[in-house]
Amino acid sequence: MTANDALASYLGPDLFVRLGWERLSLDQRDAILSVFRSGLNAGAASGAVMMIEELLIDGRVVVCDDGSTWETCPQGAEAIEEWGEGSLVAVHRGMLYKLDEWEAVAVEALQL
């Protein structure tokens, strides 16, 4: 998944239909996505995102500093292990996003 794909997934398809995304040039798309990145980074500074506090079961279980716990598949675990503890992340629409590199993996809330 590319950085732009991850962000587009985060924002949802409805927004891209309304923007006429397929008719925009690559420069226009990059400009629009940069606005969203700036907003998300501002959210990170205000505490709207979480930090990975601990990785369990080879990266399959993610414990965040806000107390939330998330589970992913083995393929997602590989990416999350590369991100490592201390990474800033956000969860939206069943995806865990690493904010500084714009990667994402599918997750589900885990009740312990």
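FYI, the numbering just counts along the sequence from 1.
For the pair M51 and C64, the minimum side-chain heavy-atom distance is 4.5 Å or more.
With rounding to the nearest 0.5 Å, the separation of NZ in K98 from CD1 in I52 is 8.0 Å.
Proximity of a side-chain donor or acceptor of E85 to a complementary backbone N or O of L55 within less than 3.5 Å is detected. In this structure, R60 contributes its side chain and E71 its backbone to no donor-acceptor pair below 3.5 Å. At distances below 3.5 Å, at least one donor-acceptor pair connects side-chain atoms of S87 with backbone N or O atoms of W83. Put simply, the side chain of Q28 gets close to the backbone of S25: a donor and an acceptor are under 3.5 Å apart.
The one candidate from D65, D66, T69 that meets the side chain to side chain contact (heavy atoms under 4.5 Å, CB included) condition with E53 is D65.
For the residue pair T72 / W70, no side-chain donor-acceptor distance below 3.5 Å is found, with atom types taken as modelled.
Smallest separation of non-hydrogen atoms from L96 and V91: CD1-CG2, 3.4 Å. In this structure, A77 and D58 approach most closely via the heavy-atom pair CB-O, 3.5 Å.
By the rule that hydrophobic residues join a cluster once side-chain heavy atoms approach within less than 4.5 Å of another member, I57 and V63 end up as members of one cluster.
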